[in-house]
A.B. asks: 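One structure is given below, represented as structure tokens, and several questions about it will come after.
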Amino acid sequence: MHRILVFIFLVLSVSGFSQDHSHVMGRKLNFPDIPGYKTLKCDFHQHTVFSDGSVWPDIRVQEALLDGLDAISLTEHLEYQPHKDDIPHPDRNRSYDIAINEAGAHDLIIVKGSEITRKMPPGHNNAIFLSDPNKLLVDDSIQVFREAKKQGAFTFWNHPNWTPQRKDGMATLTDVHRLLIREKLLDGIEVANDQTFSIEALQIALDNNLTIMGNSDIHKLIDWDFKVDKGGHRPITLVFAKERTAESIKDGMMNRRTVAVYKDLLIGRDEFLIPLIESSLKVTAAKYIGKYNVLGVEIENLSSTDITLQNQTGYTLHNNNDMILLKAGEKTTIEVKTIERKPDVSLKFLVLSAVNAPNKHPSITIKTAVEETKQ
Ligand SMILES: [Zn+2]
Ligand SMILES: [Zn+2]
């Protein structure tokens, strides 16, 4: 018995060792902190059997742990309860209670939330950081937001591009949404939901100072819907928070400090998008190649998303046209023809895989000293 235990211990520690030294990114999502804030990975729109989802809440917790998320919310439809004959659901806190119990010893923040499920307008909206979702079972579709706000909730407009409610897929603000925004009853909007991205929703966020969000809206399994085995991942909201607490996440969201991640697209305001991308790209070497005046700049992409840059350095490149793909978790060398040898460089790129407005891309600058090499 003792020998078997020792053997198992050895196997586990050896496999742990090889994992630590692997340079291939695992499924856990990575996004580095930015100056002044922690970068927290969140998915605030998910379903379980307690509304129209297909799994028990513990599975959502396990999926989030596999993806390395910091916070989730299970946002069951308050008004749409197709499983209620099999699973009576008089207490709308139940999904949260099971999830928080499962999260127990794990380091995952669970935020209490609900999906307010109405016809358009106002369509579907989530309220998170609630204290008691039962109190949101009211008929009036404006009053329900007032009740959520009374509980200190953060509210956001879900999938404004959802074709069953918006046939042409064009997210469009209605008078009801204008009223909600004016009365400070609506804080955010999903620009990415499940398998869709809405550039119109991004414009609505910018025009109305709403928090930019991306969420999975998962009903079945994350692995199946987002093809995790093929390197896919769910949409998430990165929240820039002072601390890794629910309170601090709420503060970040109330103050619009987010970037949404959808496939390999980063969506946000320059104020957070630029530091996120600059923190994700680390220069690991910068030296002239042999005796020539071609500078090799090796850049490691520390994030879980591929980053595509367009050259705006003012120099031409030796090993690329103007487009550079920096693969997630990998090191890539860019060869820059600086004409003469420089002691340091400041290289400007347009980030084609990020948007700060419809079809507008942020610019980043990579500054580095050049290692001395013999000419
Ligand atoms: Zn919905
Ligand atoms: Zn939903």
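Computed over heavy atoms, backbone and side chain alike; hydrogens, waters and symmetry mates excluded. Just so you know, ligand 1 is whichever comes first in the structure, and atom 1 is the first atom listed for that ligand. Predicted, not measured: the structure shown is a model, and the values here were computed from it. Residue numbers count from 1 along this sequence.
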A.B. asks: Heavy atoms only: give me the nearest Asp52-His77 pair and the separation to one decimal.
C.D. replies: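 For Asp52 versus His77, the nearest heavy atoms are OD1-CD2, 3.0 Å.
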
A.B. asks: Near the Zn ion (ligand 1), which protein N/O/S atoms fall under 2.8 Å?
C.D. replies: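 Under 2.8 Å from the Zn ion (ligand 1) - ignoring waters, which are not counted - the protein N, O or S atoms are Glu115 OE2, His124 ND1, His159 NE2.
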
A.B. asks: With sequence neighbours left out, what residues match His361 under side chain to side chain donor-acceptor pair (under 3.5 Å)?
C.D. replies: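 Applying side chain to side chain donor-acceptor pair (under 3.5 Å) to His361 gives none.
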
A.B. asks: Let me check something: any side-chain donor-acceptor pairs from residues 201-209 under 3.5 Å, sequence neighbours excluded? List them with distances.
C.D. replies:
residue	atom	partner	partner atom	Å
Gln203	NE2	Asp207	OD1	2.9
Asn208	ND2	Ile204	O	2.9

A.B. asks: Short question: side chain of Gln81, backbone of Phe50 - any donor-acceptor pair under 3.5 Å?
C.D. replies: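 Between the backbone of Phe50 and the side chain of Gln81 there is a qualifying donor-acceptor contact (under 3.5 Å).
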
A.B. asks: Under the 4.5 Å side-chain heavy-atom rule for ILVMFWY, direct or indirect, which residues accompany Val294?
C.D. replies: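 Joined to Val294, directly or through intermediates: Ile289.
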
A.B. asks: Between Ala153 and Leu130, what is the shortest heavy-atom contact and its length?
C.D. replies: CB-CD2, 3.8 Å

